[in-house]
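Here's the structure we're looking at; comments come further down.
Only this structure's heavy atoms are used, side chains among them; waters, hydrogens and symmetry mates stay out. Index from 1, following the sequence.
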Amino acid sequence: MVSLTADMSPLHPDRNLALELVRATEAASIRAVPFIGRGDKEAADGAAVDAMRAFFSTVDFDGTIVIGEGEKDNAPMLYNGERVGSGRGPQCDVAVDPIDGTSLTAAGRQNALSVIAVSDQGTMLDASTVFYMDKLVTGPAGVGVVDIRLPIGENIRLLAKALGKPVDEIVVSVLNRPRHEQLIADIREAGAGTRLMSDGDVAGGINAARHNARTDMCVGIGGSPEGIVTACAIKALGGHIQGVLVPRTDDEKQKGRDAGLHIDGTVYEADDLVKGKNTIFVATGVTDGQLVQGVRRDGDFIYTESVVLRGASGTLRRISSEHLTSKWL
């Protein structure tokens, strides 16, 4: 099997698949522009899906979508199990979210992204049968220090000590949901501050793991697919991520068991979510956020900002692109 990184030596650098995939996230973000702030999240998502799928066909890799837009009958494009790419090159597991934050896009709010994550074939956990996952994400300082099984107050104190700063300077990102009322209260009781997110916990997790970011930790229950995607990025950042699947119904529990998932409170460590370090994460901003700027149209030009993370090299690249409006919109 051809690896994502067949040769990492300085004299023979490998072909960087990530730099080809960024064209697909750029396309998805640009195509979503006419729908930003227009209140129609389905139309925004549909335009992004079509654009991403078209660009996938130009990339030389043999990908299978492990995390997509849903099952084939409900998602005719970019569905779970769909083959993407030219069929030539490395065999990969692929996770896609043409717009992570469709509601954010429809409302014209911050932190909407177009996202692709890739790893070697057979390494990405398929958690699609259980929609929610409780997650704990930090930067490198949290590795071997914090643990999702501990009370949030203790994790905050442990991370503050590892970072060498007082607890009252710790900032924790949490999705602003009724299910997190007690969690938010406990964070504040511990003396830390919160940054409440309306959506977009992929960006929240990555921001918590980045060097010199404004947040130190991201916690709480969000989507399982987003957890897998985030893990691909955290591998490149050297950060910490853990997840526990949270089925909502008895039917979902049974589907999880049938799929071979642990739905009994078992903690999925980073290598359980995505095996190995050979991961790629690519994201382009749809709307402005802490991670990347959103698409900006200025007359004859469209400007995009993307971030590319590679686990094999531990590299984070920022890509600013200028596109002719006439070619896109």
Side-chain angles (χ1 to χ4, degrees), residues 18 25 97 100-101 104 109-115 117 135-148 152 155-176 180 183-184 187-188 190-220 222 226-243 270 273-274 279-294 305-311 313-320:
T25 55
D97 199 341
D100 175 40
L104 298 175
R109 301 175 73 176
Q110 291 191 339
N111 288 321
L113 302 169
S114 178
V115 174
K135 286 163 276 191
L136 169 62
V137 184
T138 74
V143 177
V145 174
V146 298
D147 193 297
I148 198 170
I152 185 63
N155 277 326
I156 288 169
R157 289 187 288 272
L158 288 169
L159 184 62
K161 182 178 180 181
L163 289 170
K165 63 184 187 180
V167 166
D168 63 8
E169 290 185 11
I170 295 291
V171 179
V172 183
S173 292
V174 190
L175 281 171
N176 191 10
H180 290 149
L183 176 61
I184 292 166
I187 292 167
R188 292 170 177 169
T194 56
R195 176 157 292 173
L196 302 184
M197 305 178 291
S198 57
D199 282 289
D201 60 336
V202 170
I206 295 170
N207 282 327
R210 284 194 305 126
H211 178 62
N212 287 335
R214 296 179 183 177
T215 55
D216 304 288
M217 182 187 297
C218 184
V219 297
E226 287 81 357
I228 309 304
V229 169
T230 303
C232 288
I234 300 307
K235 289 290 184 94
L237 294 168
H240 170 88
I241 182 169
Q242 292 172 304
L273 299 172
V274 185
T279 62
I280 290 171
F281 173 90
V282 177
T284 300
V286 178
T287 60
D288 287 344
Q290 290 183 50
L291 184 61
V292 284
Q293 295 298 301
E305 184 180 18
S306 305
V307 62
V308 175
L309 297 116
R310 300 182 67 214
S313 59
T315 303
L316 185 154
R317 289 184 174 90
R318 290 191 176 276
I319 299 175
S320 297

Please say which of Leu196, Leu183, Asp201 ends up in a side-chain contact (heavy atoms from CB on, under 4.5 Å) with Leu175. Asp201
Quick one: pull up OG1 in Thr279 and CD1 in Ile228 and give me the separation to the nearest 0.5 Å. 12.5 Å
First locate atom CD1 of Ile241, then atom NZ of Lys235, and finally report the distance between them rounded to the nearest 0.5 Å. 10.0 Å
Test log, rule side chain to side chain contact (heavy atoms under 4.5 Å, CB included), inputs Val115 and Glu226: CA-CA 10 Å; Val115 174; Glu226 287 81 357; over 6 Å; no
Out of Thr25, Val292, Ile319, which residue meets the side-chain contact (heavy atoms from CB on, under 4.5 Å) rule with Val307? Val292
Minimum heavy-atom separation for Ala203 to Asp100, with atom names? N-OD2, 4.4 Å
For Thr287 and Arg109, indicate whether the former's side chain and the latter's backbone hold a donor-acceptor pair under 3.5 Å. yes
Please identify each residue that fulfils salt bridge (Lys or Arg N to Asp or Glu O under 4.0 Å) with Asp199, with sequence neighbours left out. Arg177
Using atom types as modelled and distance alone, determine if a side-chain donor or acceptor of Glu305 lies under 3.5 Å from a backbone N or O of Gln293. yes
Smallest separation among heavy atoms of Ala208 and Val137, with atom names: CB-O, 4.0 Å
Find out whether Asn111 and Leu291 are in side-chain contact, i.e. whether some heavy atom of one side chain is under 4.5 Å from a heavy atom of the other. no
If you define the side chain from C-beta out and look only at heavy atoms, does anything of Cys218 sit under 4.5 Å from Asn207? no
Over all heavy atoms of both residues, which pair between Ala112 and Gly101 is shortest? Give the atoms and the distance, please. CB-O, 3.7 Å
Can you tell me how far apart CE (Met217) and CG (Leu159) are? Round to the nearest 0.5 Å. 4.5 Å
Indicate the atoms forming the closest heavy-atom contact of Ile187 with Gly193, along with that distance. CG2-O, 3.9 Å
Counting only N and O atoms by type, is there a donor-acceptor contact under 3.5 Å from the side chain of Asp216 to the main-chain atoms of Thr138? no
The reported gap from CD1 in Ile148 to CG in Asn155 (rounded to nearest 0.5 angstrom) is 8.5 Å
Count the heavy atoms belonging to other residues, nucleotides or ligands that lie under 6.0 Å from NZ of Lys165, then report whether that count exceeds 12. yes
Would you name the heavy atoms of Asp288 and Gly294 that are closest together and state the gap between them? OD1-N, 2.7 Å
Count the heavy atoms belonging to other residues, nucleotides or ligands that lie under 6.0 Å from CZ of Arg214, then report whether that count exceeds 12. no
Can you measure from CZ (Phe281) to OG1 (Thr230) and round to the nearest 0.5 angstrom? 7.0 Å
What one should report as the nearest heavy-atom pair of Ala18 and Val308 is CB-CG1, 3.3 Å
State the CG-CD1 distance between Leu273 and Ile234, to the nearest 0.5 angstrom. 10.5 Å
Just so I know, are the side chains of Asp97 and Val229 near enough to count as touching, which here means a heavy-atom distance under 4.5 Å? no
